[in-house]
Asker: 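There's a structure below that I have some questions on.
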Amino acid sequence: MNPRRLVLIAAPYAWLLALFMVPFLIVLKISLSDTAVAIPPYAPTFDLSAGWAGIREFFGGLDFENFIWLTEDDLYWKSYLSSMKIAAVATFLTLLAGYPVAYAMSRAKPEWRPTLMMLIILPFWSSALIRVYAWIGILQSEGYLNQLLLWSGVIDTPLSILNTQVAVYIGIVYTYLPFMILPIYASLEKMDESLLEAAEDLGCTRITAFWRVTFPLSKPGIIAGCFLVFIPSLGEFVIPSILGGSQTLMIGKVLWEEFFSNRDWPVASAVAVVLLLILVIPIVLFQRNEERNA
Amino acid sequence: MESKPAPAPFAPWEDAAAHPLIRFEGVTKRFGDFTAVSDLNLKIYPREFFALLGPSGCGKTTLMRMLAGFETPTEGTIWLDGQNIAPVPPNKRPVNMMFQSYALFPHLSVWDNIAFGLRRAGKDKETVRARVEEMLRLTRLDQFARRKPHQISGGQRQRVALARSLALGPKLLLLDEPLGALDKKLRQDTQFELMDIQEKTGTTFVIVTHDQEEAMTVASRVAVMDAGRLCQVDTPQHIYETPNSRYVADFIGEVSIIEGRVAALGEEAEIAYAEGARPIVTRTGGAALEPGQSVFYAIRPEKIWVGAAPHPDRINSVEGTIVDIGYLGDVSTYHVRLDTGQMVKALMTNAERYAASRFTWNDRVWLSWSRHAGVVLAS
Ligand SMILES: Nc1ncnc2c1ncn2[C@@H]1O[C@H](COP(=O)(O)OP(=O)(O)O)[C@@H](O)[C@H]1O
Ligand SMILES: [Mg+2]
């Protein structure tokens, strides 16, 4: 194999190794360690100067204690479940909000499409943190939303939305909407218009043509969009801490508290490793299923 | 012995009492300020195989799309079976279309593509299965029923598209350049298949093509279009033998056109085309001509006899020089420059082997033709 080809093939693997595998192995190692009052706050640490004996001692010091601990305190599995529920519902809501937008964009005049695309991406130009904070001003009891509803007479006592799961849903849908819109738009945009005419010609109404043709053909975009929203929302920390209040249980918050409040890095790492497994297993299964169907 | 009476020729367009399946009445279609179809009047009769022939961009697809319901006429009315179809949406018209791009559903198998319309019509499972299988047999696709459209060849896709549009048994089937993507041999086979299927199903076919041979082969009548207008609507034979304009004569088959002037007019006309040359004697075929009018004389290559001397029985004979010979095996085409300067094409069949070598480049030859051979065109 010529060297240029080798570099070309090796580059993405090197990238994956440096940016994913190495950090993951470090986290995995910490999750198998014990807490210690030290810097860094865990033991054992890797000490090459002690030679073979040091390495043996190092591996002897690793165990699955922290993973067992995760099963013993019901805080953890409750947080995982609650996160999955919130992420799943939020993903579904994002799909409901994003699909019509993507559809409208794909039906827009071609000269308008780049502009619309720009508008979808525009919010990314400001900090996500600030944008989530801004929702406090909208959702709190004296916020803009309540003022508007009170003024228009729809309600007569302010709604308490802030610090509930509803606020978390709003935050996630708002933050991740572009990740849903863009892949769906990409799949709809390349669809041949004459397919819809053929469907109509064969007796479909506009609506059945959508369900029989457009929707199935946009499935790859829907699946990609759902993954892109579900995965980051599952481990989401910022949105539940800012908008969700104390009653919203999410694994990202637990993780943060283990790291920074308890300074229990090993347990925090174990939480992170389990989170990763929860995400990786369905993705791998899904991929294999896709390959079989193709 | 008793002889069967000959079947009456199929010519409903000659019968004033016949009811057309489709009638275009002053139909105009504009896109913005561009007129794609202009003041079109046309009748198409049940069981016809009607061909729309014309160059790319002349409005053939637009005409079809108005029939299918994807475009509405800007002006005028289209009648289907005596009913104005303007308010009928595409999914309610007893019309199916085979799209130029085939438009097969990529996520469905061949079987499900063909079953698509039947299922939408709410047919029960057994009926759908029987009908799909009948269509698969008709189009010889049985082996490919389970494949997806991207897993079959272009010719097979074309047949899936045909099967799908026929499955619902429409009154009218629209075929937009159905054979455009096929190679020549497959095209010819498919043309005969189409005629066969049309006859078996008794469906009225309207086919769009820019291939004149295809139109001549399959159609009961041909409409020649140019820039959104109908130039001539007639049987293939009439279009070929009595074109009404230079455009039509030139569009269909080979033709030589000689510009001239009406020199004498009686039962026959004399067309003077050059100083000192004997005028061409021709029947006028009822065309309204005036003495002195400038006209075009159109003659097909196969109507001209090529010889070393004038043909004794043919009234027109001129001398010229062969400048080019196209040998096609069965026939040879001679390009002859008349002594008066005009180029004329003549076609001779090669009935005997090596007969073609009778004449060669730069030979002097006589071209002879009868008074019925050509037509006089005013435009
Ligand atoms: N939707 C449309 N908008 C604008 N112009 C169109 C549209 N559809 C067709 N045309 C124009 O109308 C003319 C006829 O098109 P078409 O019927 O497709 O021609 P053909 O099928 O004979 O090649 C073309 O010049 C084409 O550009
Ligand atoms: Mg066309």
Side-chain angles (χ1 to χ4, degrees), chain A residues 95 98-100 102-104 106-113 180 183-227 286-294, chain B residues 61 64-71 88-109 112-123 128 131-132 135 148-151 157 160-177:
Chain A
L95 176 63
Y99 200 100
Y103 185 81
S106 70
R107 297 289 122 190
K109 287 214 175 91
E111 63 264 31
W112 275 102
R113 291 178 197 168
M180 185 63 87
I184 295 176
Y185 168 70
S187 66
L188 285 174
E189 202 242 344
K190 65 177 185 222
M191 202 181 88
D192 182 1
E193 193 99 25
S194 64
L195 292 179
L196 291 179
E197 288 184 347
E200 264 191 83
D201 191 61
L202 294 166
C204 282
T205 59
R206 293 271 163 88
I207 294 165
T208 43
F210 173 83
W211 285 111
R212 294 285 165 184
V213 179
T214 312
F215 188 74
L217 287 174
S218 60
K219 225 169 70 185
I222 293 174
I223 289 167
C226 287
F227 271 112
F286 170 75
Q287 289 267 347
R288 287 194 39 170
N289 180 46
E290 281 292 284
E291 267 156 39
R292 210 168 314 140
N293 283 351
Chain B
T61 299
M64 290 281 223
R65 291 172 57 81
M66 287 194 283
L67 280 173
F70 300 122
E71 307 282 1
V88 186
N91 57 335
K92 296 282 192 305
R93 295 189 184 188
V95 173
N96 282 119
M97 177 147 173
M98 192 183 140
F99 288 78
Q100 200 165 359
S101 61
Y102 303 154
L104 299 179
F105 303 123
H107 59 298
L108 298 180
S109 67
D112 290 325
N113 261 285
I114 299 172
F116 191 92
L118 297 164
R119 286 183 175 145
R120 298 295 85 71
K123 298 275 195 298
V128 172
R131 183 69 178 161
V132 171
M135 288 297 121
K148 291 272 174 73
H150 68 268
Q151 294 165 323
R157 256 176 252 157
V160 178
L162 180 64
R164 188 180 70 177
S165 52
L166 275 172
L168 282 167
K171 272 189 193 164
L172 173 65
L173 183 69
L174 306 170
L175 305 109
D176 193 352
E177 308 216 7

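Per chain, numbering begins at 1; letters A, B, ... match sequence-line order. The figures here come from the full heavy-atom set of this structure, side chains too, leaving out hydrogens, waters and symmetry mates.
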Asker: Does CZ belonging to Arg212(A) count more than 12 external heavy atoms closer than 6.0 Å?
Answerer: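 No, not enclosed.
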
Asker: Is Phe105(B) close to chain A through its backbone or its side chain, or both, or neither, when contacts mean heavy atoms under 4.5 Å?
Answerer: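 Both parts, heavy atoms under 4.5 Å.
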
Asker: Identify the heavy atoms of Arg120(B) and Leu202(A) that sit nearest to each other, and give their distance.
Answerer: CB-O, 3.8 Å

Asker: Would you mind checking which part of Arg65(B) comes under 4.5 Å of any heavy atom in chain A, side chain (CB onward), backbone (N, CA, C, O), both or neither?
Answerer: side chain

Asker: Please lay out, stage by stage, how Lys219(A) and His107(B) fare under the test side chain to side chain contact (heavy atoms under 4.5 Å, CB included).
Answerer: CA-CA 10 Å; Lys219(A) 225 169 70 185; His107(B) 59 298; over 6 Å; no

Asker: Return the option, out of Gly117(B), Ala161(B), Ala167(B), with the maximum number of heavy-atom pairs under 4.5 Å with chain A.
Answerer: Gly117(B)

Asker: Heavy-atom cut-off 4.5 Å, strictly under: side chain, backbone, both or neither for Asp192(A) against chain B?
Answerer: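 When you check distances to chain B, only side chain atoms of Asp192(A) fall under 4.5 Å.
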
Asker: Non-hydrogen atoms of chain B under 4.5 Å away: do they reach the side chain of Arg206(A), the backbone, both or neither?
Answerer: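 The answer is neither part of Arg206(A).
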
Asker: When rounded to the nearest 0.5 angstrom, what distance separates CG in Leu108(B) from CG in Leu217(A)?
Answerer: 8.0 Å

Asker: So do the side chains of Leu195(A) and Pro106(B) get within less than 4.5 Å of each other, counting heavy atoms only?
Answerer: yes

Asker: Under 4.5 Å from any heavy atom of chain B, what part of Ala199(A) do you find: side chain, backbone, both or neither?
Answerer: both

Asker: With a 4.5 angstrom heavy-atom cut-off, could you sort out which part of Leu104(B) is near chain A: side chain, backbone, both or neither?
Answerer: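 Leu104(B) touches chain A through backbone heavy atoms alone.
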
Asker: Nearest 0.5 Å please: distance from the OG atom of Ser101(B) over to the CD atom of Glu197(A).
Answerer: 9.0 Å

Asker: Can you tell me if Asp201(A) uses its side chain to pair, donor with acceptor, with the backbone of Pro90(B) under 3.5 Å?
Answerer: no

Asker: Is a side-chain donor or acceptor of Asn91(B) paired with a backbone partner of Glu200(A) at a separation under 3.5 angstrom?
Answerer: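 Side chain of Asn91(B) to backbone of Glu200(A): no pair is present.
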
Asker: Is the shortest side-chain heavy-atom distance between Phe116(B) and Val213(A) below 4.5 Å?
Answerer: yes

